[in-house]
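A quick note: this is a predicted structure, and the numbers were derived from the prediction, not measured. Atoms within a ligand are numbered from 1 in the order they appear, just like the ligands themselves.
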Amino acid sequence: MTPLIEGPFVDDTAHAGDVCLHDAGGQRRWLNMVLSPIGDGLLQGVVHDVSTLKEAEALARRQAITDPLTGLANRHGIEQRLRDGVASLAQGQSSGLALVMVDLDGFSKVNEGIGLPAGDEVLRVVTSRLLSCVKESDTVARLAADIFVVMLQNVSRSATALKVVGRIVNLLRQPYLVEGSPIVLHASIGIALAPNDGEDVPTLLRHAELAVDKAKAAGGDTHVFFDPTLSRIAEHRRQLEKDLRQALHKEEFVLFYQPVVDLHARRLVGAEALIRWRHPERGLVSPDAFIPLAEQTGIIDEIGLWVFDSVCRQISAWRAAGHDYRISFNVSGRQIPDGLSPEILAETLRRYAVPPQSIALEITEGVLLADVDQARAWLDAAHGLGMRVYLDDFGTGYSSLSYLKRFPVDTLKVDKSFVLDMHDDGNERTLVEAIIAMGRSLGLDVVAEGVESAAHADLLRHMGCHYAQGYHFARPLPVAEFEAAAGHIAAQLAPAAAR
Ligand code: C2E
Ligand code: CA
Ligand code: CA
């Protein structure tokens, strides 16, 4: 209760304040009083019953810190509790705090599958399971749709936190009954301990979140304790992302071209465009070091537009010099369908007057499986424009015949891992043969990647593989070196008699 009227008594000033009284039934009533001096030490006043207003205020305060679905504390609520926890830690009244962040794996998919009301019911069951794992003095909160936080009081050792985490993991793994059918959920759990991992609320929350991210990146269904390397990795990523956003404007990207040869006609037929980043400090950065981040952050859309534009410009320059190469380039799933829309494809082809059949899009199986209808509509549109469609890294994924028939795919690219191991490993060799045979039976071309030796090339030619690409012929090259390599490859491919 926060009464009353407090302060110096001044004879000629009005005094106002609230008073809390209990009526006969034990009900609290709030009265607001305004008192004015009327001389001779006497006061005259007005008293209002403000109970309804006070209750409304209290309710609003509670609602501001409560998650309506579960009745748990929400983000504001847990921040408040954490502030209190951190304060009592600083005053030596607590030995430590553990912040356990629980992120349900793939919950949005479950939600889509079972519908929102059933999803909400699952979240309520998760809530009661979490509450049953902790003491009354601990706090359970819901931070976002499927992210919960448990704050454990007086925990100074990771072993103690781990015990609770073990209970949480076991309980959350129990099936959830949704309309009579059991569904199973897992969680990614991140743990930060105060004061070791942070002494203020934002730091502790951020560190628990970094630990969750690590657990998620490891495939989920696991727990990770925060450690300072996670901060360093996050900082590195942040810097990389910042640099990446500026790289396009600073014109730091460049396309290298890796020759593709026709093993039977023994000639150079085109190339795959592969991006490189000329970083001012780090030098030439390979795509594996930045494409995944570009995909996660969406920067891939802008990069992808630049790649396509550059490929068209280069084809047009090569054509002007009398070379009729077919150039393929890589398209990430993220770019489909809006990042590289069929309209943009058509417009760019027109602008550079490039014949569509001299361009091939390389996509992976994952793209086809993520959203089948969307992928098919986009591929049909691109294919309809006359561009070729290559299925990249073939053999590493699902590799099913049935979906190959459903999409407009022209060419399979046999993943380099199989080609590289072909000689030492009978299985890999059989697999390459099977992919070539599969391609043939479906009327598809086959390009073998990772051809590193003459023996690879001969074996592939013998197996009936039409096209090849690999270090044996040339590494990915800057345009300026491409012509010289083309001459060298022509000589290399000439039949023995002609050499
Ligand atoms: P990928 O599409 O599978 O490209 C083939 C990779 O194999 C290239 O690596 C290439 O340099 C390498 N390679 C070629 N021949 C040989 C060989 O004989 N032996 C071996 N061991 N490796 C060979 P790179 O250039 O580092 O590219 C890596 C990946 O980055 C690519 O794999 C592709 O997935 C991605 N990437 C490259 N450029 C782009 C781009 O413009 N956009 C997108 N979205 N992804 C790209
Ligand atoms: Ca590729
Ligand atoms: Ca590949």
Side-chain angles (χ1 to χ4, degrees), residues 244 247-248 252-261 263 270-278 283-314 326-336 339-340 359-367 370 388-397 399 409-423 428 432 435 445-457 459-460 465 467-478 481-482 485 489 492:
L244 202 52
L248 263 179
E252 290 172 356
F253 291 119
V254 55
L255 286 184
F256 277 30
Y257 290 87
Q258 184 173 38
V260 175
V261 305
L263 289 170
E272 175 178 4
L274 293 156
I275 197 169
R276 302 286 181 267
W277 180 7
R278 289 193 195 280
L284 205 61
V285 183
S286 100
D288 290 330
F290 67 90
I291 290 289
L293 184 64
E295 290 174 341
Q296 285 158 26
T297 52
I299 307 175
I300 192 68
D301 281 353
E302 256 190 286
I303 294 179
L305 287 173
W306 176 86
V307 168
F308 182 57
D309 196 87
S310 307
V311 163
C312 288
R313 189 172 344 110
Q314 187 56 50
R326 174 175 294 159
I327 306 300
S328 66
F329 70 102
N330 297 282
V331 180
S332 294
R334 263 295 303 241
Q335 295 171 259
I336 297 171
L340 198 61
I359 292 189
L361 311 158
E362 297 198 8
I363 51 156
T364 57
E365 295 164 88
V367 170
R388 305 290 144 141
V389 175
Y390 292 4
L391 207 50
D392 204 357
D393 303 341
F394 194 75
T396 55
S399 309
V409 172
D410 303 288
T411 297
L412 303 180
K413 292 195 80 171
V414 186
D415 190 68
K416 57 177 175 288
S417 58
F418 307 119
V419 177
L420 288 170
D421 292 344
M422 230 169 23
H423 274 289
E428 306 288 304
V432 174
I435 293 173
D445 277 333
V446 176
V447 181
E449 294 185 313
V451 177
E452 290 194 354
S453 66
H456 283 153
L459 185 57
L460 287 162
C465 177
Y467 301 100
Q469 155 186 3
Y471 295 169
H472 171 58
F473 301 107
R475 289 181 176 258
L477 301 165
E481 290 171 36
F482 197 84
I489 290 168
Q492 189 186 24

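Evaluated by nearest non-hydrogen atom to atom 44 (N) of ligand 1, the leading choice among Ser332, Pro292, Ala273, Ala294 is Ser332. When Glu452, His456, Glu272, Gln335 are ranked by how near their heavy atoms come to atom 20 (C) of ligand 1, first place goes to Glu452.
Rounded to the nearest 0.5 Å, atoms CD1 (Ile291) and CG (Leu274) are 10.0 Å apart.
The protein atom (non-hydrogen) at minimum distance from atom 42 (N) of ligand 1 is Asn330 O, 3.4 Å. Closest protein heavy atom to atom 29 (C) of ligand 1: Asp288 OD1, 3.5 Å. For atom 4 (O) of ligand 1, the nearest protein heavy atom (residue, atom name, distance) is Leu274 CD2, 3.6 Å. The shortest contact between atom 11 (O) of ligand 1 and any protein heavy atom is with Pro476 CG, 3.3 Å. Of all protein heavy atoms, the one lying nearest to atom 3 (O) of ligand 1 is Asp393 OD1, 3.2 Å. If you check which protein heavy atom lies closest to atom 24 (P) of ligand 1, you get Pro287 CG, 3.8 Å.
Residues passing the side-chain contact (heavy atoms from CB on, under 4.5 Å) test with Leu255, sequence neighbours excluded: Tyr257, Ala273, Ile275, Trp306, Val307, Ser310, Val311.
The atoms of ligand 1 that sit less than 4.0 Å from any heavy atom of Val307 are 41 (O).
Test Leu460, Val261, Val260 against Tyr467 for side-chain contact (heavy atoms from CB on, under 4.5 Å) and you get one pass: Val260.
The two residues Ile489 and Ala474 make their nearest non-hydrogen contact at CD1-CB, 4.1 Å. In plain terms, the two heavy atoms of Leu477 and Ala485 that are nearest each other are CD1-CB, 3.3 Å. Across all non-hydrogen atoms, the minimal contact from Ala457 to His472 is CB-CD2, 4.3 Å. Between Gln335 and Asp301 the shortest heavy-atom distance is CA-OD1, 3.7 Å.
Contacts between Asp415 and ligand 1 below 4.0 angstrom, taking non-hydrogen atoms only, are absent altogether. Residue contacts with ligand 1 for Lys416 involve side-chain atoms from C-beta outward but no N, CA, C or O (heavy atoms, distance under 4.0 Å). Under 4.0 angstrom from ligand 1, the non-hydrogen atoms of Ile275 come from both its backbone and its side chain. Counting heavy atoms under 4.0 Å from ligand 1, residue Arg276 touches it through the side chain alone. Contact annotation for Gln258 and ligand 1: only side-chain heavy atoms (C-beta onward) come within less than 4.0 Å of the ligand. In Glu449, the part holding a heavy atom less than 4.0 Å from any atom of ligand 1 is the side chain. Of the heavy atoms in Asp392, only side-chain atoms (C-beta onward) come closer than 4.0 Å to ligand 1.
Distances from atom 34 (O) of ligand 1 to the protein include no heavy-atom value under 4.0 Å.
For the Ca ion (ligand 2), protein N/O/S neighbours under 3.0 Å (waters excluded) are Glu272 OE2, Asn330 OD1, Glu362 OE1, Asp392 OD2.
Distances between N or O atoms of Tyr471 and those of ligand 1 include at least one value under 3.5 Å.
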- Task: Please report the C-alpha distance between Glu449 and Lys413 in whole Å, then the side-chain angles of each, then the deciding distance to 0.1 Å, and finally whether the salt bridge (charged side-chain N to carboxylate O under 4.0 Å, His left out) criterion is met.
- Result: CA-CA 7 Å; Glu449 294 185 313; Lys413 292 195 80 171; 3.7 Å; yes
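Residues Phe329 and Tyr390 place their aromatic rings such that the two centres sit no closer than 6.0 Å.
Looking only at atom types and distance, the side chain of Glu272 has no donor-acceptor partner in the side chain of Ser328 under 3.5 Å away.
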